[in-house]
Amino acid sequence: MLAKVRMVWKALIEEQLGIYARSVLGEEVALPPLSVQTPPKPELGDLAFPLFAYAKTLKIAPPKLAAELKSLLEKREDRPLGDLLVAGPYLNVRIDMSSLATDLCKEIAEKGTSYGENDSLSGKRVTVEFSCPNTNKPLHLGHMRNDSLGESLSAILKANGALVRKVNLINNRGVHICKSMLAYQKFGNGETPASTNMKGDHFVGKYYVRFANWAKEDPTAEEQAQMMLQKWEEGESEVIKLWEMMNKWTLDGLAESYQKMGISFDAYYYESQTYKFGKDEILKGLEDGVFYREEDGSVWVDLESIKLDKKVLLRKDGTSLYMTQDVGTAIMRHKDWPFDSLVYVVASEQQYHFKVLFYVLQQLGYDWAKDLHHLSYGMVNLPEGKMKSREGTVVDADELVSTLTELAAAEIHVKQREALVGDVEKTSASIALGALNYYLLQVTPTKDMIFNPAESISFNGNTGPYLQYMGARICSMLAKYEQEGGDSEGIGFDSSLLTLGDERSLIKQLALYPEVVAKAGEDFDPSELCTYLYELSRLFSKWYHDNPVLKAGNKQLVRSRIELSRMVLQVLKNAFALVGIPFLEAM
RNA sequence: GCGCUCGUAGCUCAGCUGGAUAGAGCGCCGGACUUCGAAUCCGUAGGUCGAAGGUUCGAAUCCUUCCGGGCGCACCA
């Protein structure tokens, strides 16, 4: 909506520039494109058109040109509503906020939860792979950033019109899995998650740690694990039975965590089922001459054309590797659900892997391989440095969620909001989730980030709960308004009454939302929505603090401010849904 | 060594395709609840945007070099 206003003014001024150039120079000249910006201060208007670039060709100082254009434009009948102002070398526009607000109010009311959506990816099928845990330990903070990003990105792509399929690849095979199995076999004494009253993933994780300790004393431990893997691959029934049992324990535990964290998938893939795939594809590529075979029998791809060295795709004994498997899995997924695009949400450590993977898939001639993406995100570190499992500094996901939930509940009790909130347990869980997702998504994905536990449990300032709080306050105000019969009085929304600077800023921010959704989708960057949300909430809370709504006096003004609040509420709700912040009517 | 990436206030982060006095939050100090929810709001202090060059009318933003972090560079996954 704001985009439209911008376009109209830009086109008009560009046209005027052309006319002016012709009159001054007496001939047609190619002028540099006009750029549109936002002035740094509200007093300077809403749109800014810097004129520096024209000084040379038109032989006029930018401030003079601004004044000239202003007076020429003001004579034009076809000029849209709004004011022109000269601000030094800039020609600025103060747009007609009243008509924008009227249109906006209508649009938000009509579209409701779909306000902000667009069809830039309309009909496009996108598979998003994320999470991809091991089945030998519970989720930790690193997984949480991955999960938040994957879930949020999926929602954002949907809001841009895409058909999204969320998939998870469970890493449930390999030596590391055998380690926890072996430790359990040796030291388990038949205990189970049920008998020890432990969550399955933590239970299995305990044995993974147990293995590490044992391996320190017994040098044969690693060897034994390797032997177990062989037995597993041969399908020895006892090993398979143990594997199935322990896998289920972990997966049940993970399912519980996912549920709590609001994570879900449309399909699961298991490495145990996919690890052999890809071999045939590589052999086909070898036949077609896109790969080559070394003397020892191993198969390689030459990466010189993408300025990398070379990479093995099949071992000399003909078995698959990580890369081989990923090639197979991608192709299989495309058969399952023919996508136009595939996004991998995986840590930045694997940038090289994905560069190679994408290249190999292209070499194999799949047309969909043109649109593969790696949403590469940085590490999550602690203030003291990296998380290290050996030093026990890994932040456990379940523990973190429950700590935050307890703190939120404590806050509700301190403020004596039990009655207002209703279900304290559910509400505090939602606050915890909002806090976590916002904390993790706030940072530009590609950057490493520092997770400060003390800061993450704070609910003040630039946090998820701050945003939720704004929503709750608006809800409570609207409830009061409706209770007092405000809506039934038949008074309409009069946008011309919203003349305060803060109101103008709010309206603009609301009108900007659809563009932010589109940009976040283009950039694969949920943090852009976080920044937007905080700015919207901040503007609202300042305005709401300084200006009465229900007690504004004039009924027409009350009504108009109520409508403005309703718009803010709607946009908050819509944006929350895209970044995993549960909306709360009371907290 | 090669490749990728990052370096903005004490700390954590924003800063749109280069543009008008570089912005928030936390923390510090100081204010605002008989008034729509104080999980709030307002104010003060705090920055030669890692360094040096270059391109440009104009650089935190683009280019080069250097310094300093991180991550890759397995017939592991």
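Per chain, numbering begins at 1; letters A, B, ... match sequence-line order. Because only heavy atoms are used, hydrogens play no part in the values below, and waters and symmetry mates are left out as well, while side chains stay in.
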Check your understanding: Does B:C16 sit syn or anti, given that only angles within 90° of 0 count as syn?
Key -> anti
Exercise for review: Have a look at A:N547 and say if it touches a base, only the backbone sugar-phosphate, or nothing, with a 4.0 Å heavy-atom cut-off.
Suggested key: base
Practice item. Could you check which of B:A77, B:U12, B:C41 has an atom nearest any side-chain atom of A:K542? Key: B:C41
**Study point:** Separation of the P atoms in B:U5 and B:C11, to the nearest angstrom
**Key:** 25 Å
Exercise for review: Searching all strands shown, indicate the nucleotide that pairs with B:C33 (Watson-Crick or G-U wobble; both distances under 3.5 Å).
Suggested key: none
Review point. Are A:Y322 and A:Q350 linked by a side-chain donor-acceptor pair shorter than 3.5 Å?
Key: yes
**Study point:** Nearest-angstrom distance, C1' atom, B:A74 to B:C13
**Key:** 37 Å
Practice item. Name the nucleic acid region contacted by A:T38, choosing base, sugar-phosphate or nothing; use a 4.0 angstrom heavy-atom cut-off, strictly under. Key: nothing
Exercise for review: Would you mind reading off the distance between A:K307 atom NZ and B:C4 atom P, rounded to a whole angstrom?
Suggested key: 9 Å
Review point. When we call it a touch if two heavy atoms are under 4.0 Å apart, what does A:N452 touch: a base, just sugar-phosphate, or nothing?
Key: nothing
Point to revise | Pair A:Y438 + A:Y534: ring centers closer than 6.0 Å | key: no
**Study point:** A:K311 NZ - B:C76 C1' separation (whole Å)
**Key:** 10 Å
Point to revise | Nearest non-hydrogen partners of A:S298 and A:V312, listed with the distance | key: CB-CG1, 4.3 Å
Practice item. Using a heavy-atom cut-off of under 4.0 Å over every strand shown, decide if A:M587 touches base, sugar-phosphate, or nothing. Key: base
Exercise for review: May I ask you to check if A:R145 and A:Y377 form a cation-pi contact, with NZ or CZ under 6.0 angstrom from the six-membered ring centre and within 45° of the axis?
Suggested key: no
Check your understanding: Contact class for A:V36 (heavy atom, under 4.0 Å): base, sugar-phosphate, or nothing?
Key -> base
Review point. In the strands shown, is B:C2 matched to any nucleotide by a Watson-Crick or G-U wobble pair with both distances under 3.5 Å, and which?
Key: B:G72
**Study point:** Span that lies between the C1' atom of B:G47 and that of B:U8, in whole angstrom
**Key:** 8 Å
Exercise for review: Give one of base, sugar-phosphate or nothing for A:Q37, where a contact means two heavy atoms less than 4.0 Å apart.
Suggested key: base
Point to revise | Watson-Crick/G-U partner (both atom distances under 3.5 Å) of B:C62 | key: B:G54
Check your understanding: Given the C1' atoms of B:G54 and B:G10, what is the spacing between them in whole Å?
Key -> 34 Å
Check your understanding: How about A:Y439 and A:F451: are their ring centroids closer than 6.0 Å?
Key -> yes
Revision key, fill the gap. Considering only heavy side-chain atoms of A:N460, the closest of B:A39, B:A24, B:A20 is B:A39
Exercise for review: Determine the contact category for A:T531: base if any of its heavy atoms lies under 4.0 Å from a base atom, sugar-phosphate if only primed atoms, P, OP1 or OP2 are that close, otherwise nothing.
Suggested key: sugar-phosphate
Point to revise | Pairwise C1' distance, B:G15 and B:A22 [rounded to whole Å] | key: 8 Å
Check your understanding: Which part of the nucleic acid, if any, lies within contact of A:F52, taking any heavy atom under 4.0 Å across all strands shown: a base, the sugar-phosphate backbone alone, or nothing?
Key -> base
Review point. Base, sugar-phosphate, or nothing: which does A:K41 touch, judged by heavy atoms less than 4.0 Å apart?
Key: base
Review point. In Watson-Crick or G-U wobble terms, both distances under 3.5 Å, what is the partner of B:A45?
Key: none
Practice item. Counting heavy atoms from C-beta on, name the nucleotide in B:C41, B:C57, B:C4 closest to the side chain of A:K56. Key: B:C57
Check your understanding: Among B:C75, B:A77, B:A39, which is the nearest nucleotide to the side chain of A:V312?
Key -> B:C75
**Study point:** Nucleotide paired to B:G27 in any strand shown, Watson-Crick or G-U, under 3.5 Å
**Key:** none
Check your understanding: Which part of the nucleic acid, if any, lies within contact of A:D326, taking any heavy atom under 4.0 Å across all strands shown: a base, the sugar-phosphate backbone alone, or nothing?
Key -> nothing
Study note, to complete from the structure: Regarding the side chain of A:Y352, the nearest nucleotide among B:G72, B:C16, B:G70 is B:G72
Review point. Between A:T405 (side chain) and A:A432 (backbone), is there a donor-acceptor pair under 3.5 Å?
Key: no
Study note, to complete from the structure: From the candidates B:C71, B:A14, B:C75, the one with an atom nearest any side-chain atom of A:K316 is B:C75
Point to revise | Gap separating the CD atom of A:Q351 from the CD atom of A:E349, nearest 0.5 angstrom | key: 10.0 Å
Review point. Relative to the 5' end of RNA chain B, which residue comes earlier, A:I474 or A:E349, by the nucleotide with the nearest heavy atom?
Key: A:I474
Check your understanding: Could you go step by step and tell me if A:K480 and A:E484 meet the salt bridge (charged side-chain N to carboxylate O under 4.0 Å, His left out) rule?
Key -> CA-CA 6 Å; A:K480 194 167 271 181; A:E484 289 165 3; over 6 Å; no
**Study point:** From B:A20, B:C16, B:C13, nucleotide with atom closest to A:A87 side chain
**Key:** B:A20
Point to revise | Distance flag, aromatic centroids of A:F354 and A:Y344, threshold under 6.0 Å | key: yes
Exercise for review: Assign A:A48 to base, sugar-phosphate, or nothing according to its heavy-atom contacts below 4.0 angstrom with the strands shown.
Suggested key: base
Exercise for review: Using a heavy-atom cut-off of under 4.0 Å over every strand shown, decide if A:K415 touches base, sugar-phosphate, or nothing.
Suggested key: base
Practice item. Please state the C1' separation for the pair B:C28 and B:A9 - nearest whole angstrom. Key: 13 Å
Check your understanding: Contact class for A:I412 vs. all strands (heavy atom < 4.0 Å): base, sugar-phosphate, or nothing?
Key -> base
**Study point:** Between B:G58 and B:U40 - P atom distance, rounded Å
**Key:** 44 Å
Review point. According to the 5.5 Å centroid and 30° plane-angle thresholds, does A:Y544 stack upon the nucleobase of B:C36?
Key: yes
Study note, to complete from the structure: When A:I450 and A:L420 are each assigned the nearest nucleotide of RNA chain B, the 5'-most assignment goes to A:I450
Practice item. Identify whether any heavy atom of A:I431 sits under 4.0 Å from a base atom; if not, whether one sits that close to sugar-phosphate; answer base, sugar-phosphate or nothing. Key: base
Check your understanding: At under 4.0 Å, does any side-chain N or O of A:Y466 touch on OP1 or OP2 of B:C41?
Key -> yes
Exercise for review: Go through B:A39, B:C13, B:A24 for me and flag the one nearest to the A:E411 side chain.
Suggested key: B:A39
Exercise for review: Determine the interatomic distance between C1' on B:G30 and the same-named atom on B:A45; round to the nearest Å.
Suggested key: 11 Å
